[in-house]
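This report refers to the structure that appears directly beneath it.
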Amino acid sequence: MINSVRGTKDILPEELPIWYFVESTLRKVSQLYGFREIRLPIFEKTEVFQRSIGEATDIVNKEMYTFLDRGGESITLRPELTASVVRSVIMNNLLAESPLLRLWYYGPLFRYERPQKGRLRQFHQYGAELIGSNNPEADVETISLAIEIIKRLGINEFSLLLNSLGNQKSRQRYKQILVDYLKGQAQNLSKESQERLNRNPLRILDSKDPQDIEIIKNSPLIHDYLDEESREHYVKTKELLDSCNIKYIETPNLVRGLDYYSHTVFEFQSPYLGAQDSFGGGGRYNELFSQFGYKNDVPAIGFALGIERIILILQSQGFKPQRENPKVYIAYNKPEYLTKVFEVSRILRQNEIPTIFDLQKRSLKAQLKEANKSGVIFAIIIGDDEVANETLSIKNMIDGTQVSHPFSIAIDYIINSLK
RNA sequence: GCGAGCUUAGCUCAGCUGGUUAGAGCACCAGAUUGUGGCUCUGGGGGUCACGGGUUCGAAUCCCGUAGCUCGCCCCA
């Protein structure tokens with residue numbers, strides 16, 4: 001037996017109804033907010049991600065599926081989608097047509113990590129990007145799109161964590177102050193955090209190590225080091241969230257793992273998920289366009305939701321979408337009658353009625369059994385009597401009653417009953 | 001990359017401190033029911049006990065190794 005690659009999962013017919021539900025909700029709410037879908041390649045030149053996500057991040061360091069193609073070019077399976085969106089917006093010059101873009105995407109991503117609950121090597125994200133506005137209103141519009149989706153999915157228990165990382169200048173200044181503070185007690189930090197001191201000090205704020213947490217408790221807060229512009233943006237964003245009745249938890253040590261964020265960052269957490277409790281997150285990335293070499297800065301904000309994690313939440317809430325069953329099963333007792341079976345099925349399908357029948361030449365009893373199991377509403381029986389009299393017998397599989405009608409009347413009866 | 005746990009029928013699992021033909025429920029197939037599902041009853045098929053080695057008179061059971069899965073750490077959706 002060949003099994004699937006570690007960290008990949010087959011989505012079987014049984015589970016697909018919940019996926020359909022999630023996908024249609026995403027599409028519907030995106031439309032309500034005026035966002036348009038964009039579909040991008042599964043792989044990009046490696047530099048797309050190196051340049052944006054940040055050389056110091058784990059994603060770039062150890063989690064990317066990177067390979068050389070036959071032309072010797074370094075290619076990477078996308079580990080996230082914001083970078084691809086920005087690349088595409090620049091390449092296709094989308095900002096020339098409209099200075100404000102509302103875009104959403106959906107699809108598989110790839111990260112080479114050890115799988116655990118809610119974490120796979122191939123997984124799916126929905127994301128939305130609002131490109132071209134630096135106003136706090138844009139932040140709130142984006143967050144409110146996320147919340148509308150979450151609510152319509154039926155997720156009622158979740159927290160929205162909120163923080164501001166400030167603009168580049170503030171962040172740089174704060175980073176220095178934080179490093180100075182932490183260096184004083186570096187020997188008490190966990191091994192990982194000691195390494196992060198040079199590499200990515202802000203991440204220490206996120207540490208789960210109890211000793212680190214103790215030290216972080218008294219560390220300087222970024223809020224106290226935001227410059228005028230950054231503070232104003234953050235305060236205004238919070239005011240707007242309040243006025244929209246969006247509840248959030250201010251979390252000064254919320255950092256997020258991608259280097260391109262600035263100002264507003266946020267994250268959605270669920271109590272249903274175990275260790276990987278975040279099912280969505282995002283933030284503002286005002287400096288990313290210029291990092292890509294675009295002619296000017298373009299302010300933008302976006303977020304992504306983890307589809308597998310959302311499905312875990314819905315399943316642990318007991319959400320069971322209805323399976324889509326065929327409506328009619330045609331049973332017959334002689335192979336010669338198959339031409340008739342094909343004719344009936346063709347007529348029903350032309351009338352939008354999902355129809356199946358036996359393809360294993362099994363007994364009538366076995367066929368009715370299969371009909372029952374497949375959840376149809378009607379079984380049509382084509383036996384010797386029916387063929388002789390040019391009739392069809394129709395068995396109602398819900399109440400067990402059965403009637404016989406001349407062929408075309410029987411067909412009409414089924415079509416009308418299933419309308 | 002690091003740590004812990006698990007692996008017995010298609011699925012969920014039982015199998016006591018090693019003891020003879022390895023079990024149950026569900027699922028599947030057939031019959032009771034001469035063209036007719038669900039409920040009930042009866043019967044049936046299906047297992048290299050993850051793989052490899054070791055200890056022993058004897059291993060699903062104990063020991064070692066390998067693989068896979070799961071859950072954590074790291075990180076993130």
Side-chain angles (χ1 to χ4, degrees), chain A residues 1-9 14 53 56-64 78-82 106-127 146 190-193 195-196 199-200 203-204 206-210 212 254-258 267-270 273-282 303-313 329 331-334 337 358 360 362-388 393-402 404:
Chain A
M1 185 174 69
I2 300 176
N3 40 14
S4 57
V5 174
R6 172 189 296 237
T8 65
K9 217 172 90 310
E14 200 61 33
I53 298 171
T57 61
D58 277 12
I59 293 179
V60 169
N61 266 315
K62 49 180 206 192
E63 294 175 7
M64 296 206 305
R78 61 190 190 191
E80 64 119 33
L81 257 160
T82 301
Y106 173 83
L109 305 181
F110 306 85
R111 290 183 199 168
Y112 190 87
E113 298 185 271
R114 286 291 281 272
Q116 67 187 71
K117 185 171 182 178
R119 198 170 73 185
L120 296 163
R121 289 184 176 182
Q122 176 177 343
F123 61 101
H124 295 76
Q125 280 189 358
Y126 162 92
S190 65
K191 205 168 60 211
E192 284 102 5
S193 288
E195 278 164 31
R196 284 188 285 223
R199 211 178 247 283
N200 201 344
R203 290 231 57 90
I204 298 174
D206 247 358
S207 175
K208 284 181 196 166
D209 183 277
D212 289 356
L254 177 68
V255 174
R256 314 228 6 106
L258 298 93
E267 190 167 304
F268 296 99
Q269 290 188 353
S270 162
L273 284 175
Q276 311 304 320
D277 61 354
S278 144
F279 64 95
F303 68 91
L305 300 174
I307 305 304
E308 282 82 356
R309 290 186 185 176
I310 281 173
I311 287 173
L312 279 176
I313 295 170
Y329 189 102
Y332 56 100
N333 71 343
K334 286 207 178 76
Y337 301 159
D358 172 79
Q360 297 171 103
R362 307 207 302 161
S363 69
L364 193 69
K365 186 185 171 80
Q367 293 180 46
L368 273 262
K369 216 168 169 177
E370 191 190 352
N372 185 55
K373 233 182 79 176
S374 61
V376 297
I377 293 166
F378 291 114
I380 294 178
I381 293 158
I382 302 179
D384 301 339
D385 295 350
E386 286 80 2
V387 171
S393 291
I394 300 166
K395 177 152 193 169
N396 182 320
M397 296 301 280
I398 293 155
D399 62 22
T401 58
Q402 184 170 325
S404 285

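Residue numbers begin at 1 in each chain, while the letters A, B, ... track the order of the sequences.
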Answer yes if the side chains of A/Y329 and A/E370 hold a donor-acceptor pair under 3.5 Å, and no otherwise.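 Yes.
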Within less than 4.0 Å of OP1 or OP2 of [N], is there a side-chain N or O belonging to [X]?
| X | N | value |
| --- | --- | --- |
| A/R6 | B/A67 | no |
| A/Q276 | B/C76 | no |
| A/Q367 | B/G37 | no |

Write down the distance between CE (A/M64) and C1' (B/A77), rounded to a whole number of angstrom.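 After rounding, the gap between these two atoms is 17 Å.
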Rounded distance in Å between the [atom1] positions of [N] and [M]:
| N | M | atom1 | answer |
| --- | --- | --- | --- |
| B/A30 | B/G45 | P | 15 Å |
| B/A50 | B/A59 | P | 15 Å |
| B/A60 | B/C16 | C1' | 14 Å |
| B/U21 | B/C26 | P | 28 Å |

Is there a donor N/O on one and an acceptor N/O on the other, under 3.5 Å, for the side chain of A/N372 and the base of B/G38? no
What does the B/S/- profile of nucleotides 25-35 of chain B look like, 5' to 3', with a 4.0 Å heavy-atom cutoff to protein? ---SS---B-B
Return the nearest nucleotide to the side chain of A/S278; candidates are B/A77, B/G68, B/C73. B/A77
Close N/O contacts between protein and nucleotides 1-11 of chain B (under 3.5 Å):
from: B/C2; atom 1: N4; to: A/R114; atom 2: NH1; distance (Å): 3.2

